[in-house]
Protein chains: 2
Amino acid sequence: MIADASQMPDFTPRQNEVLEQALRLLVEGGDKALTTSGLARAANCSKESLYKWFGDRDGLLAAMIAHQASKVRTFERGKERLTAESLHDHLELFARDLLEVLSGDVSLALNRLAIGQSSRDGSKLGKLLVEHGRRQIDRRAMALIDSGKRAGLLRFDDADGAYHTLYGLIVSDLHVRMLLGEPGLKDNARQAEKAVAAFLTLHGTRQESGETLRFSSGR
Amino acid sequence: MIADASQMPDFTPRQNEVLEQALRLLVEGGDKALTTSGLARAANCSKESLYKWFGDRDGLLAAMIAHQASKVRTFERGKERLTAESLHDHLELFARDLLEVLSGDVSLALNRLAIGQSSRDGSKLGKLLVEHGRRQIDRRAMALIDSGKRAGLLRFDDADGAYHTLYGLIVSDLHVRMLLGEPGLKDNARQAEKAVAAFLTLHGTRQESGETLRFSSGR
DNA sequence: CCAAGTAGGTACCGTACGGTACGGTTCGTG
DNA sequence: CACGAACCGTACCGTACGGTACCTACTTGG
């Protein structure tokens, strides 16, 4: 065995295949559709194997989260020189990616699952989800706005606060509404533009033109 | 019987008592703890009465939402003359109230319930929750920022967009995190201040001092 | 004082789940 | 070839839920 495989889940291909089916079931039918019998049937495996591999239903859920997270590797952005324009573009790209991720089928289903469980398992799944799913995107955004500050393009005292401001401007109540079953935005890109413009108005060092303050047309 | 009781749920005191117990069970143990047998035991009533009153488990859940919503009547704010200071204060009050409501036990439990059900009932509960719970607070905020605009204290093209900006600045990802089981903010008032300051920087007509741009210390 | 409606208590039914056990089959390995 | 491990399919068990039926006790109104 290799000494250091990080905290890689390290599932076998067969297990990954089963986890993929599990995600499919979850997305299609929600919590109730993800039964051990149903999964065994859908994935052409035996329940005994499920319990051998994942130990428990909760273990299966945790494995699903880990599996999904392992697919969404965040690509480290090169440390290129930041200009006002490239910062703006990177922020918009981040915003679009964030909206894209949050409105994804699997993300919504997993969040619903974790939220549903949070009342009875002491939010173990919720912690897992935040750890695996959010830390990556948090890191990316923090690195970006930090670079912006070092390049003299952004100004703020508290990076964490600034990031949460950015997040709020991008997402607003959209995530919860989607979790409750409402459809997503018609135009993610438009929302991303507006959010980044507002963020730069608040924290940018360059005077943004009044154009950025004009918000028009809605969801 | 009185002719017009609006769309008041109009439950008997006994039924309200039972619904109160149902909410308590839901808050304490989540979805799984709210069983018909458990509720009948906790509320000292019979399962048969439950089904006679609410028809169905889903009917019970809907009744719980209606019951809870009927408790949180939003008080219509008087149409007093708005100054920059009073607008600021009203916005901060709104922000604090919003954070207060969202972090309430019952609100979180009901949102978790609706989110958990949203995959299987076509988001019927979710719609109900948004209708009953959110419309009130939305109305209040829209009326407020609309007054602000008419008084020349705020500027924006799209009131809905401006409101969502305000909402995002206040709540950010806090709601989802709390739904996932994380504790709330230490200091709601501080968050409310920061959000309102940022909102006024974006949409206020008066030049806010640089002080309002300085974000310090975090969650 | 009694009839009728209302509500509580309990037993029951069908179902479906999580979890386990067992026999048969494939596959890698010495 | 033979052995054992892994795995599949299925049958099974205990439990707990939603929902129903039945019976009793209390109130209410004439």
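Order of the sequence lines fixes the chain letters, A, B, ..., with proteins taken first and strands second; residue numbering starts at 1 for each chain. Worth knowing before you read on, the calculation uses all heavy atoms, side chains too, and leaves out hydrogens, waters and symmetry mates.
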Please pick, from [options], the nucleotide with the shortest atom-to-atom distance to any side-chain atom of [X].
{"X": "B:S46", "options": "C:dG19, C:dC22, C:dG8", "value": "C:dG8"}
{"X": "B:C45", "options": "C:dG8, D:dC7, D:dG19", "value": "C:dG8"}
{"X": "A:K47", "options": "C:dG18, D:dG18, D:dG9", "value": "C:dG18"}
{"X": "A:S49", "options": "C:dC17, C:dG19, D:dC8", "value": "D:dC8"}
{"X": "A:E48", "options": "D:dG18, D:dC8, D:dG19", "value": "D:dC8"}
{"X": "B:Y51", "options": "C:dG19, D:dG19, D:dG9", "value": "D:dG19"}

Quickly work out the [X] [atom1] to [N] [atom2] distance and round it to whole Å.
{"X": "B:R57", "N": "D:dC17", "atom1": "CZ", "atom2": "P", "value": "10 Å"}
{"X": "B:Q117", "N": "D:dG18", "atom1": "CD", "atom2": "C1'", "value": "13 Å"}
{"X": "A:L39", "N": "D:dG9", "atom1": "CG", "atom2": "P", "value": "12 Å"}
{"X": "B:L50", "N": "C:dG8", "atom1": "CG", "atom2": "P", "value": "8 Å"}
{"X": "B:R120", "N": "C:dC17", "atom1": "CZ", "atom2": "P", "value": "12 Å"}
{"X": "A:D56", "N": "C:dG18", "atom1": "CG", "atom2": "P", "value": "10 Å"}
{"X": "B:Q15", "N": "C:dT6", "atom1": "CD", "atom2": "C1'", "value": "12 Å"}
{"X": "A:W53", "N": "C:dG18", "atom1": "CH2", "atom2": "P", "value": "17 Å"}

5' precedence on DNA chain C between A:L34 and B:V18 (nearest-nucleotide basis): B:V18
No-hydrogen, no-angle side-chain donor-acceptor test under 3.5 Å, A:R112 and B:S118: yes
Donor on one side chain, acceptor on other, A:R24 and A:Q21, under 3.5 Å: yes
Ionic contact status for A:E92 with A:R96, cut-off 4.0 Å: yes
Aromatic plane relationship, B:Y167 with B:Y163 - under 30° parallel, 30 to 60° tilted, over 60° perpendicular: perpendicular
Phosphate OP1/OP2 of C:dG18: any A:T36 side-chain N/O under 4.0 Å: yes
Short side-chain N/O contact to C:dT6 OP1/OP2 from B:R14, under 4.0 Å: no
A:K47 side chain to A:A40 backbone, donor-acceptor under 3.5 Å: no
